[in-house]
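Take a look at the structure set out below.
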2 protein chains.
Amino acid sequence: MARWQPGAPDRLQQAAMELFAERGFEATTVADIAARAGVTERTFFRHFADKREVLFFGQDLLQSAFVGAITDAPEGMSAIALVSAALEAGAKGLQEARGQSHARARDAIISANHALQERELLKLAGLARAVTAALVARGVAPARARLAGDLAMAAFAAAFQQWVESGQTRDLTDLVHEATSTLRDIATS
Amino acid sequence: MARWQPGAPDRLQQAAMELFAERGFEATTVADIAARAGVTERTFFRHFADKREVLFFGQDLLQSAFVGAITDAPEGMSAIALVSAALEAGAKGLQEARGQSHARARDAIISANHALQERELLKLAGLARAVTAALVARGVAPARARLAGDLAMAAFAAAFQQWVESGQTRDLTDLVHEATSTLRDIATS
DNA sequence: GCACTGATGTCAGTTACTGTCATCGCGTAC
DNA sequence: GTACGCGATGACAGTAACTGACATCAGTGC
């Protein structure tokens with residue numbers, strides 16, 4: 001008999017999502033989460049840097065999708081084309097990774113709390129920097145790459161919000177294309 | 001004789017900036033800040049919602065500059081033209097408000113700490129939403145306005161970073177123009 | 001069998017933040 | 001000029017996030 005059940009991080013994340021959905025983020029203590037997952041509070045903090053981080057598990061997968069698409073793109077593409085490829089890969093990855101209902105539940109929790117929105121913005125900025133670095137590696141000038149990275153995240157965030165609000169009746173990839181097109185339209189008007 | 005010295009918020013902010021610069025954000029306790037400002041810890045939290053907020057005092061002025069420029073702009077301007085006007089007003093306001101050295105010192109403190117960067121991103125997102133709302137009030141379609149607001153903040157943040165890194169030898173307004181121009185260039189390439 | 005590793009439990013401690021009540025200078029009404 | 005209320009503060013107790021140090025114990029390699 002094993003001394004402890006494996007998969008503590010997953011159990012903790014699930015317990016946290018349930019409790020946040022039931023009582024809200026602030027009304028849930030880390031001790032509550034740990035108890036439901038069958039571990040101690042100290043173990044929670046061994047797996048997650050802080051209470052908020054438990055909701056941002058696996059964002060590195062999304063980052064890999066973005067960066068990989070840029071790195072693997074054929075030669076001779078413009079910055080905006082590289083960004084489009086990255087967004088498409090990210091949209092596909094997000095739709096496959098956890099499923100639509102999970103994304104929606106998670107979004108509802110985050111939207112209900114300022115501290116969580118703050119963390120999400122930090123993660124989004126991290127993605128933007130990763131895209132920027134990938135673009136620089138492809139020869140895009142740093143100042144240009146930074147703006148392109150921010151632009152990519154603006155389009156992705158806008159598309160994601162519409163996706164969630166639409167009840168997922170729309171395809172995320174289509175929404176990303178629309179957002180990119182709108183951005184182009186704004187800049188050239 | 002007054003029972004307490006006036007201007008507690010200002011004294012607290014100055015004490016916090018000094019201590020953060022000397023020891024760093026995490027190594028400074030709220031009790032330290034309060035002691036240097038000559039008040040108690042409890043008074044600190046009466047003026048600032050949390051320890052980080054003390055560094056973000058007066059961002060509403062910047063927001064007013066952005067929003068006012070959009071609201072007061074002449075009729076018939078495109079979304080990108082309204083955004084440009086807002087950015088110009090913001091750049092001017094920032095250069096006049098506190099001075100360059102203050103902006104640089106503050107930026108150094110924030111750059112050295114993740115939690116503070118997180119808060120800054122939240123403030124920036126708040127500005128983006130304010131710009132979005134002002135654009136909607138001017139008749140821009142919501143989805144378009146959201147992207148334009150994010151675009152504005154991307155340009156402003158990029159220009160601000162270059163301004164700080166350049167040692168302020170360059171004019172912020174010029175850098176904002178360059179960033180806007182680069183954005184247009186990316187979108188149309 | 002035995003040392004070693006790795007995930008966990010235990011426990012004490014710091015600090016951010018909050019709720020509540022007391023204090024007291026100052027202006028205002030009367 | 002005195003009573004009254006207001007507003008900013010102090011005092012103090014309490015909660016919960018997070019950290020460091022040490023103990024525990026199943027499995028693993030030798």
Side-chain angles (χ1 to χ4, degrees), chain A residues 1-57 109-110 112-120 122-123, chain B residues 1-57 109-110 112-120 122-123:
Chain A
M1 176 88 187
R3 191 185 170 201
W4 61 80
Q5 299 300 318
D10 287 324
R11 286 195 332 267
L12 283 165
Q13 197 198 20
Q14 185 168 352
M17 290 256 320
E18 291 170 9
L19 288 168
F20 292 165
E22 290 169 14
R23 319 177 190 170
F25 177 75
E26 287 185 0
T28 303
T29 70
V30 174
D32 292 336
I33 302 169
R36 181 167 294 201
V39 295
T40 61
E41 197 179 343
R42 191 68 184 85
T43 293
F44 178 94
F45 288 109
R46 285 199 177 96
H47 291 287
F48 304 102
D50 57 52
K51 184 183 167 186
R52 285 176 277 170
E53 202 66 19
V54 69
L55 275 177
F56 299 85
F57 199 46
I109 293 170
I110 293 174
N113 185 273
H114 268 158
L116 291 173
Q117 292 167 36
E118 218 176 337
R119 178 57 51 86
E120 183 160 68
L122 187 69
K123 298 297 184 185
Chain B
M1 174 91 187
R3 193 186 168 200
W4 60 79
Q5 298 301 316
D10 287 323
R11 286 194 333 269
L12 282 165
Q13 195 198 20
Q14 185 169 351
M17 290 253 323
E18 290 170 11
L19 288 168
F20 291 165
E22 291 169 14
R23 318 175 191 170
F25 177 76
E26 288 186 359
T28 303
T29 70
V30 175
D32 293 335
I33 302 169
R36 181 167 294 201
V39 295
T40 61
E41 197 180 342
R42 191 66 184 88
T43 292
F44 178 94
F45 287 110
R46 285 201 176 95
H47 291 286
F48 304 103
D50 58 54
K51 184 182 167 186
R52 285 177 278 171
E53 202 67 19
V54 69
L55 275 177
F56 299 86
F57 198 44
I109 293 170
I110 293 174
N113 185 274
H114 268 159
L116 291 173
Q117 293 167 36
E118 221 176 334
R119 178 57 50 86
E120 183 160 67
L122 187 68
K123 297 296 185 185

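Order of the sequence lines sets the chain letters (A, B, ...), proteins ahead of strands, with each chain counted from 1.
The two residues A/Gln5 and A/Arg11 have their closest heavy-atom pair at O-NH1, 3.2 Å.
Closest-nucleotide positions on DNA chain D for A/Phe48 and B/Thr43 were compared, and the one nearer the 5' end corresponds to B/Thr43.
Scanning residues 18-34 of chain A for heavy-atom distances under 4.0 Å to DNA chain C yields an empty list.
Side chains of A/Arg23 and A/Asp32 form a contact here, defined as non-hydrogen atoms less than 4.5 Å apart. The shortest side-chain heavy-atom distance between B/Leu122 and B/Phe56 does not fall under the 4.5 Å cut-off.
For B/Phe45, the side-chain atoms get nearest to C/dC17 when compared with the rest of C/dG9, C/dC17, D/dT24.
Distance A/Trp4 CH2 to C/dT5 P: 15 Å, rounded to the nearest Å.
Look at A/His47 and you won't find any side-chain N or O under 4.0 angstrom from OP1 or OP2 of C/dA7.
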Margin query: Pair A/Val54, A/Phe20 - check side chain to side chain contact (heavy atoms under 4.5 Å, CB included), show working.
Written below: CA-CA 11 Å; A/Val54 69; A/Phe20 292 165; 4.0 Å; yes
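Salt bridge B/Glu53/B/Lys123: present, at least one basic N to carboxylate O contact under 4.0 Å.
A donor N or O paired with an acceptor N or O is found under 3.5 Å between the base of D/dG20 and the side-chain atoms of A/Arg42. Side chain B/Arg46 to base D/dG10: a donor-acceptor pair is found below 3.5 Å.
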